[in-house]
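Quick notes on the structure that follows.
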Amino acid sequence: MIMEGLKEVAMHEVGHTLGLRHNFVASKMYSLEEMAELPEGEPTLASVMDYAPPHIAAPGKKQGHFFTQSIGKYDVWAITYGYKPLSGGTDGEKKELAKIASRSTEHGLAFSTDEDTTSMSPDPDSNRFDFGKDALEFANNQAAVVKQAMDGLADRVVEDGEDYSRVRQAFNSLLNTHGQAMYFASRYIGGVHVNRSHKGQDNAPAPFEVVDVEKQREVMKLLSEQVFSDEPFQFSPELYNKLAPSHWNHWGTSYSVRGDFPIHDTIAQWQSTILSRLFSSITLERMHDAELKVAADQDAFTTAEMFESLTNAIFSELDSLEEGDYSNRNPAISSLRRNLQRDYLKRLSTLAMGNAYAPQDCQTIAYAQLIDLQEKLADALEQEVELDAYTKAHLLESSRRIEKVLDAELTLSRP
Ligand SMILES: [Zn+2]
């Protein structure tokens with residue numbers, strides 16, 4: 001794997017030397033399934049000018065090369081444009097170059113570089129360190145790889161006689177792998193595909209295309225199962241108690257002041273990153289705009305639908321509280337979920353109070369969501385079932401908080 005990676009990096013840097021820029025959609029040429037079936041030696045990417053992670057196939061899937069092992073279709077095309085000796089004087093050259101460039105809508109020749117790949121960029125296909133045509137397929141692949149790797153982690157990564165700091169390193173690295181793949185998928189929500197085709201080119205889509213509505217719904221489902229649920233974050237106390245820090249303190253190392261492992265904070269950080277993306281003004285404005293960019297007689301993924309899905313996913317326990325036997329050690333709502341619910345409620349409240357930069361329509365939707373949630377909380381608190389102290393306190397506090405926000409929004413922050 002390391003030799004394959006070195007070869008890929010060497011090809012990438014030589015590409016820069018020859019004048020090529022990054023192409024962050026090059027990893028979108030094939031799906032993971034298509035890549036696994038490519039003949040030996042066939043490049044898996046359209047270009048070596050992407051940043052590609054090592055590809056590790058999910059358990060039960062065919063493992064191909066970890067890194068692409070040859071220059072891709074885009075590289076050959078771009079080098080042809082820059083270096084092919086052309087005849088016919090300036091006019092002849094111009095004509096020939098235009099002919100080469102006109103192929104840009106062919107499969108594998110798409111281009112998207114650094115300035116197209118920022119946190120503000122609309123195209124969810126342009127990413128550093130994503131892999132394969134479909135971010136959902138990639139996210140599911142990574143989730144399965146991480147789940148398997150977490151199993152027996154502490155025994156696998158430490159040899160007898162070593163300290164346990166590699167367990168902590170590997171654990172963080174696996175959580176990042178999972179979180180980053182989910183983040184790429186979340187970019188489909190409110191995403192707009194961008195392409196650089198010119199008028200009159202063959203098979204040229206419009207410069208902007210809103211991401212398919214069903215795709216966005218599938219991503220919401222994925223996020224509710226893989227990010228907003230506490231299911232993927234169930235690790236054993238045995239593992240938690242082996243997440244030891246390194247005691248090596250030197251420039252270039254990260255030193256842990258706290259020493260023991262901050263479990264709640266680490267998990268909340270990934271959930272919060274995804275929530276920040278969904279609540280960001282650029283995402284909300286883009287989704288709001290998308291309602292006009294999709295033909296009126298076609299279905300579209302609206303901000304109203306997103307907030308409703310989020311509330312249902314994040315507060316799903318409220319619908320099934322009557323079925324349990326609860327105690328402080330076996331609470332109705334887990335500590336990870338209570339944290340997530342508080343985070344979500346704060347964001348929804350900020351939006352409802354008009355303190356976030358977002359379309360007015362989103363503010364009113366957030367306000368309406370709080371009213372719905374308030375009713376659900378009241379129902380939950382009125383049930384006969386005996387709740388644990390944590391859940392009861394959490395529901396009471398959430399309910400009072402919403403009450404205050406709804407009052408403040410009407411009486412204070414409006415002229
Ligand atoms: Zn580079």
Side-chain angles (χ1 to χ4, degrees), residues 1-32 34-35 38 41-56 64-84 97 100-101 103-135 137-139 141-142 145 172-173 176-188 191-197 252 254 273 277:
M1 181 167 88
I2 290 171
M3 289 314 288
E4 283 190 16
L6 277 175
K7 183 175 179 188
E8 197 224 14
V9 171
M11 291 191 289
H12 177 106
E13 303 309 338
V14 171
H16 280 313
T17 312
L18 292 171
L20 299 187
R21 294 198 59 196
H22 290 141
N23 186 356
F24 294 124
V25 286
S27 57
K28 294 279 167 183
M29 190 172 180
Y30 301 115
S31 66
L32 301 184
E34 287 165 344
M35 275 183 218
L38 289 174
E42 189 73 16
T44 49
L45 309 181
S47 169
V48 293
M49 301 314 292
D50 206 325
Y51 288 176
H55 174 55
I56 296 168
H65 284 292
F66 296 106
F67 292 94
T68 195
Q69 289 298 286
S70 176
I71 55 170
K73 180 176 172 180
Y74 167 87
D75 301 316
V76 174
W77 176 64
I79 293 295
T80 305
Y81 186 89
Y83 287 90
K84 186 182 179 186
L97 286 173
I100 298 170
R103 291 178 51 204
S104 70
T105 49
E106 281 179 25
H107 178 237
L109 299 186
F111 177 66
S112 182
T113 193
D114 292 76
E115 57 269 29
D116 307 311
T117 315
T118 70
S119 58
M120 302 283 280
S121 300
D123 194 339
D125 283 344
S126 192
N127 290 302
R128 296 169 183 85
F129 300 109
D130 65 341
F131 201 69
K133 192 188 282 174
D134 184 357
E137 190 192 21
F138 181 63
N141 184 85
Q142 299 303 78
V145 168
N172 277 327
S173 170
N176 288 350
T177 300
H178 180 269
Q180 194 188 35
M182 296 306 147
Y183 182 82
F184 292 144
S186 81
R187 293 196 62 209
Y188 278 148
V192 177
H193 293 298
V194 176
N195 77 80
R196 297 175 170 229
S197 57
S254 57
T273 300
R277 213 206 77 79

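Every number for a ligand or one of its atoms is a count from 1 in the order of the listing.
Excluding waters, the set of protein N, O or S atoms lying under 2.8 Å from the Zn ion (ligand 1) comprises His12 NE2, His16 NE2, His22 NE2.
Note: Phe24 and Tyr51 have perpendicular aromatic rings, judged against thresholds of 30 and 60 degrees for the angle between ring planes.
Inspection of the Asn23 and Ser112 side chains reveals no N or O donor paired with an N or O acceptor under 3.5 Å.
Applying the side chain to side chain donor-acceptor pair (under 3.5 Å) test to pairs two or more places apart or on separate chains, those with a residue in residues 74-83 are Ser47-Asp75.
When each of Glu4, Glu8, His55 is tested with His65 by the rule side-chain hydrogen bond (donor to acceptor under 3.5 Å, both in side chains), just one qualifies, namely Glu4.
Residues that satisfy the salt bridge (charged side-chain N to carboxylate O under 4.0 Å, His left out) test with Asp116, not counting sequence neighbours, are Arg196. Not a single side chain to side chain donor-acceptor pair (under 3.5 Å) links Glu42 to another residue, sequence neighbours left out.
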